[in-house]
Protein chains: 2
Amino acid sequence: MSHEHVDLRSRLRDSGLRLTPQRELILAAVDRLGHATPDEVLAEVRQHSSAVNASTVYRTLEVLEELGLVRHAHLSDRAPTYHSVTDHEHFHLVCRNCGRIVSVGPDMLQPVTDRLRDEQAFVVDVGHLTVFGTCVECPGEQA
Amino acid sequence: MSHEHVDLRSRLRDSGLRLTPQRELILAAVDRLGHATPDEVLAEVRQHSSAVNASTVYRTLEVLEELGLVRHAHLSDRAPTYHSVTDHEHFHLVCRNCGRIVSVGPDMLQPVTDRLRDEQAFVVDVGHLTVFGTCVECPGEQA
DNA sequence: CTGCTTGCAAAAAGTTTGCAAGGCA
DNA sequence: TGCCTTGCAAACTTTTTGCAAGCAG
């Protein structure tokens, strides 16, 4: 009944695809989680409703990404993390020591994206970008 | 007999590790290949000499990275790629359409790394950075 | 009804690990 | 000789795929 619901249905239909409970559940889970791996999405869905198969999660995340409703980034050397595309485009900072993840707006990158476009004829996909590094003074939880 | 050889041996010894033919072969393969996945490194080593085990490749790349002789970046959503650290630090541009990979010096990022340090107290690991996007006019091999 | 979707199970891809034999220093 | 390294095989994690049954439109 929400606007998201209607939006998802129409986006799917425009591509000749169908609205299923699984697809609604998975999109809702991604929304709630913020940044989550397919595995975490699966666990979240199962917690809020009936069981869904892992392969359905993979296939659905792929569909949702093609529709532009979610995006993924690589916030670790392991599994990718998906997030919903409700907010503005942003990229991520990841601290290798404390694991802190910060979202940063595209403005910060402007000088770089401009130069890459002019000098390398290259258009940056800002939303997929993950910048690894370390906090100057970090909580030092991990590593 | 090369300087690399001596350098590798001494670096290993400084950490209480040993120089083995496998470690020389794997480092040499990474040097020749430029950017290569563990799998590609394995194939290259086998082509130039006797068989080496896959697990040895993984273990050796890990050791070489700890010693600072190689680095890895994620140039695809699949396996990581390793490159030797002979040249200056650089980051990578990857075109999703044609697969082109371009190495870019750290200067390009200066404005961003400066701002992230000042505004987010975050020090960027430039060498690990991979920037995905598309060439303005690309050969259009893949996708 | 039509054919897109799902669940299931198996396969694939990439990586890790335990352990005994081997070899560098 | 000591113990770091390797090979081998098995286990593991994450993702993909084929196929028949299920369900949205």
Side-chain angles (χ1 to χ4, degrees), chain A residues 5-30 35-46 49-67 69-70 72-82, chain B residues 5-30 35-46 49-67 69-70 72-82:
Chain A
H5 181 123
V6 174
D7 194 40
L8 175 56
R9 161 168 268 138
S10 54
R11 293 246 203 173
L12 286 165
R13 293 201 58 176
D14 290 347
S15 298
L17 304 176
R18 295 171 185 173
L19 179 64
T20 64
Q22 287 91 335
R23 285 177 175 165
E24 288 184 288
L25 290 165
I26 289 168
L27 180 54
V30 171
H35 299 104
T37 61
D39 212 55
E40 293 165 341
V41 171
L42 178 61
E44 174 72 8
V45 169
R46 285 183 170 161
S49 71
S50 62
V52 168
N53 195 275
S55 56
T56 300
V57 172
Y58 283 104
R59 287 188 281 225
T60 298
L61 289 173
E62 192 179 345
V63 166
L64 295 178
E65 185 151 36
E66 280 165 7
L67 295 180
L69 297 173
V70 304
H72 82 273
H74 302 274
L75 303 187
S76 80
D77 283 0
R78 292 243 163 226
T81 60
Y82 288 78
Chain B
H5 181 123
V6 175
D7 193 40
L8 175 56
R9 162 167 268 138
S10 54
R11 294 245 202 172
L12 285 165
R13 294 202 56 176
D14 290 348
S15 297
L17 305 175
R18 295 171 185 174
L19 179 64
T20 64
Q22 287 91 335
R23 287 176 174 166
E24 288 184 288
L25 290 166
I26 290 168
L27 180 54
V30 171
H35 300 103
T37 62
D39 213 55
E40 293 166 341
V41 171
L42 178 61
E44 173 73 8
V45 169
R46 284 183 171 161
S49 71
S50 63
V52 168
N53 195 275
S55 56
T56 300
V57 172
Y58 284 104
R59 287 188 280 226
T60 298
L61 289 173
E62 193 178 346
V63 167
L64 294 177
E65 186 151 36
E66 280 165 7
L67 295 180
L69 296 174
V70 305
H72 82 273
H74 301 275
L75 304 187
S76 81
D77 283 358
R78 292 240 163 231
T81 60
Y82 287 79

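Naming: A, B, ... by sequence-line order, numbering from 1 per chain.
For the OP1/OP2 pair of D:dT5 and a distance below 4.0 Å, the side-chain nitrogens and oxygens of B:Arg59 include no atom meeting the criterion. Proximity of B:Tyr58 to the phosphate of C:dT16: no side-chain N or O atom is located under 4.0 Å from OP1 or OP2. Note on B:Thr20: a side-chain N or O is less than 4.0 Å away from OP1 or OP2 of D:dT6. A close approach under 4.0 Å does occur between a side-chain nitrogen or oxygen of B:Thr56 and OP1 or OP2 of D:dG7. Put simply, A:Asn53 has a side-chain N or O that comes within less than 4.0 Å of OP1 or OP2 on C:dC8. The side chain of B:Gln22 contributes no N or O atom lying less than 4.0 Å from OP1 or OP2 of C:dG23. Here A:Arg9 reaches the OP1 or OP2 of D:dG25: one of its side-chain N or O atoms lies under 4.0 Å away. Between A:Arg18 and D:dC23, a side-chain N or O to OP1/OP2 separation shorter than 4.0 Å is absent.
Straight-line distance from the CG atom of A:Leu17 to the P atom of D:dG25: 11 Å, rounded to whole Å. The interatomic distance linking B:Leu61 (CG) with C:dT16 (C1') rounds to 14 Å, in whole Å. In this entry the distance linking CZ of B:Arg11 with P of D:dC4 reads 21 Å, nearest Å. The nearest whole Å value for the distance from the CD atom in B:Glu62 to the C1' atom in C:dT15 is 11 Å. Atom-to-atom, CG of A:Leu8 to P of D:dA24 comes out at 14 Å; the value is rounded to the nearest Å. A:Asp77 has its CG atom 14 Å from the C1' atom of D:dT14, to the nearest Å. In this structure, B:Glu40 places its CD atom 13 Å from C1' of C:dG14, rounding to the nearest Å. Rounded to an integer number of Å, the gap from A:Glu24 CD to D:dC23 P is 16 Å.
Screening B:Glu62, B:His35, B:Glu65 for a side chain to side chain donor-acceptor pair (under 3.5 Å) with B:His72, the sole residue that qualifies is B:Glu65.
The side-chain heavy atoms of B:Ile26 and B:Leu64, taken from C-beta on, include a pair separated by under 4.5 Å. Residues A:Asp14 and A:Leu67 fail the side-chain proximity criterion, which asks for heavy atoms closer than 4.5 Å.
Looking at which nucleotide of DNA chain D each of B:Arg78 and B:Thr60 is closest to, the 5′-most match is held by B:Thr60.
With C:dC24, D:dT15, D:dG7 as the choices, the nucleotide that has an atom nearest any side-chain atom of A:Pro38 turns out to be D:dT15.
For the residue pair B:Thr37 and B:Asp39, no side-chain donor N or O sits within less than 3.5 Å of a side-chain acceptor on the partner.
Atom CZ of A:Arg46 is surrounded by more than 12 heavy atoms from other residues, nucleotides or ligands within 6.0 Å.
No engagement by A:Thr37 is indicated, since no non-hydrogen atom pair under 4.0 Å with the nucleic acid exists.
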